[in-house]
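Just so you know, ligand 1 is whichever comes first in the structure, and atom 1 is the first atom listed for that ligand.
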Amino acid sequence: MKAWIYGDYGDVNVLRLDEGVSVPGIEEDQVLVRVVAAGLNPVDFKRRQGKFRATDSPLPVRPTPAGVAVVRRPWRWGPTVPGYDVAGVVVKVGSKVKNLKEGDEVYGDISEKPLDNPKQFGSLAEYTAVEEKLLAIKPSNLDFPLAAGLPLAIETANEGLEKAGFSSGKSILVLGGAGGVGSLVIQVAKHVYGASRIAATSSTGKLELLKSLGADLAIDYTKDNFEELPEKFDVVYDTVGQGERAAKAVKEGGTVVVLTGAVSPPGFRFVVTSNGASLAKLAPFLENGKIKPLNDPKGPFPFSKLVDAFTHLETGRATGKVVIYPI
Ligand code: NDP
């Protein structure tokens, strides 16, 4: 099959399109998915840059257990096919798969823990093998590119709100409201949890977008410091890496959800767990159109243009999700 691969950590130049990659085999609890669209996440490039090498799946170049010398064991370690998010069609099912069948249109994040031995054969390929429990049936009103952008980001949005104890009537400030995760935190907080008031930050050109997503107050971070506003919030959800400042914008007794960077009390950081059941729980809000996936207007990028897609995502200025389609 065709797949994007890399055999060394580095910038976008380590990526290669290979037409001779073996289609992955499936375990008893897995299905084989023909990939129709794949979504990119910052974790894809952070992993490729080697930021998680201690817990990554093996690459051809790998430190010895002592962590000093570098050995090459090409007979044992293969290149990585990147990609967490997938939307596609089930073409084969393992013997212990209970609910999915051939022909089902599914979507999900294929690695249960993004930093802890993530799959070597990811979604940036014509086929990928995934545990049934990590997938859900694609909402029929969403096309494959829209569905492909959702899994990791919406699961992160939802898990962070759940862990923060967010509930109806509470207020929230979302840092990075126009990004892949932030655009979904706004919508999930409003429609699933019943937020009483939502504020969010972005640069000047994206303030209207924040309002259209459901923000009552759109804060231009190029002009205002959110932590200096008189208004404080029950929860601050930081997708940017501003944990210290975020802690100054929270009400007494409130909390700060931090996805990246430093954490200051009363904040906590967590790493998302992929979970098909969480997608299934959110499905009604996607099907009734209350939550609208937001894909970056520069995309979708065709499979051959993956390097351009990563280059765009890596600017940190993407709006919503960067998606690869068709594959
Ligand atoms: P994106 O690449 O989608 O974020 C891009 C957005 O960030 C842009 O729209 C940009 O808006 C906005 N942005 C950049 N700087 C600022 C700023 N100073 N203030 C407000 N907005 C800003 O990233 P994701 O949303 O996918 O991920 C966000 C972070 O969270 C990443 O570091 C990612 O690795 C991490 N993450 C962690 C997870 C976990 O489990 N811990 C899970 C998922 C993500 P503008 O152009 O207006 O600046």
Hey, does Gln242 sit under 4.0 Å from ligand 1 if you only count heavy atoms?
yes

Between Arg34 and Glu102, does any NZ, NE, NH1 or NH2 come within less than 4.0 Å of an OD or OE carboxylate oxygen?
no

Can you figure out which of Gly177, Ser203, Gly316, Gly149 has its heavy atom closest to atom 12 (C) of ligand 1?
Gly316

Atom 23 (O) of ligand 1 - nearest protein heavy atom and its distance
Pro42 CG, 3.5 Å

Do Tyr325 and Asp143 get their side chains close enough for a donor-acceptor pair, meaning under 3.5 Å?
no

Is it true that Lys96 and Asp29 make a salt bridge, defined as a side-chain N closer than 4.0 Å to a carboxylate O?
no

Ignoring angles and geometry beyond distance, decide whether Lys206 reaches within less than 3.5 Å of ligand 1 through its nitrogen or oxygen atoms.
yes

Close approach of Ala318 to ligand 1, heavy atoms, under 4.0 angstrom:
yes

Trp4 side chain vs Ser304 backbone, donor-acceptor pair below 3.5 Å:
no

Does Leu175 have a non-hydrogen atom less than 4.0 Å from ligand 1?
no

Backbone of Val322 reached by a side-chain donor or acceptor of Asp296 within 3.5 Å:
no

For Thr201 and Asp220, indicate whether the former's side chain and the latter's backbone hold a donor-acceptor pair under 3.5 Å.
no

What I want to know is whether Tyr221 and ligand 1 share at least one N or O pair that is separated by under 3.5 angstrom.
yes

Heavy atom under 4.0 Å from ligand 1: found in Thr156's side chain, backbone, both, or neither?
side chain

Do ligand 1 and Val272 have nitrogen or oxygen atoms that lie under 3.5 Å from each other?
yes

Ring geometry between Phe301 and His312 (parallel below 30°, tilted from 30 to 60°, perpendicular above 60°):
tilted

Checking the N or O distance criterion of under 3.5 Å, is ligand 1 in contact with Lys321?
no

Out of all atoms in ligand 1, which are within 4.0 Å of some heavy atom of Ala178? Include the element for each.
9 (O)

Any ion pair linking Lys101 and Asp104 (charged N to carboxylate O, less than 4.0 Å)?
yes

Got an N/O contact under 3.5 Å between Val43 and ligand 1?
no

In terms of residue, atom name and distance, what is the protein heavy atom nearest to atom 14 (C) of ligand 1?
Arg317 NH2, 3.1 Å

Evaluate Gly182 for polar contact with ligand 1, using N/O atom pairs at a separation under 3.5 Å.
no

Which value, rounded to the nearest 0.5 Å, describes the distance between Lys170 atom NZ and Tyr193 atom OH?
11.5 Å

Say whether Asn41 and ligand 1 are in contact under the criterion: heavy-atom distance to a ligand atom below 4.0 Å.
no

How far is atom 41 (N) of ligand 1 from the closest protein heavy atom, and which atom is that?
Phe270 O, 2.8 Å

Nearest-neighbour protein heavy atom for atom 2 (O) of ligand 1, which is reported as residue plus atom name and distance
Leu313 CD1, 3.7 Å

Side chains of Ile291 and Val192: does their closest heavy-atom pair fall under 4.5 Å?
yes

Does ligand 1 have an atom under 4.0 Å from some heavy atom of Leu152?
yes

For atom 21 (N) of ligand 1, which protein heavy atom lies nearest, and how many Å away is it?
Gly176 CA, 3.2 Å

Heavy atom of the protein closest to atom 28 (C) of ligand 1 (residue, atom name, distance):
Thr239 O, 3.1 Å

Please work out whether any backbone atom (N, CA, C, O) or any side-chain heavy atom from C-beta onward of Lys46 is under 4.0 Å from ligand 1, and answer side chain, backbone, both or neither.
side chain

Judged on heavy-atom distance to atom 35 (C) of ligand 1, which of Leu259, Leu115, Val322 sits nearest?
Leu259

Taking the side chain from Ser123 and the backbone from Val86, do they hold a donor-acceptor pair closer than 3.5 Å?
no

Give me the nearest non-hydrogen protein atom to atom 3 (O) of ligand 1 as residue plus atom name, then the distance to 0.1 Å.
Gly180 N, 2.8 Å

Could you walk me through whether Arg48 and Glu314 pass the salt bridge (Lys or Arg N to Asp or Glu O under 4.0 Å) check?
CA-CA 12 Å; Arg48 193 200 66 223; Glu314 291 175 38; 3.0 Å; yes

Would you confirm whether Ser57, through its side chain, and Pro118, through its main-chain N or O, come within 3.5 Å as a donor-acceptor pair?
yes

Which one of Arg245, Lys248, Lys232 satisfies the salt bridge (Lys or Arg N to Asp or Glu O under 4.0 Å) criterion with Glu227?
Arg245

I'd like to check which ligand 1 atoms, numbered from 1 as shown, lie under 4.0 Å from a non-hydrogen atom of Thr260.
32 (O)

For atom 25 (O) of ligand 1, the protein heavy atom that lies nearest, with its residue and separation
Val181 N, 2.9 Å

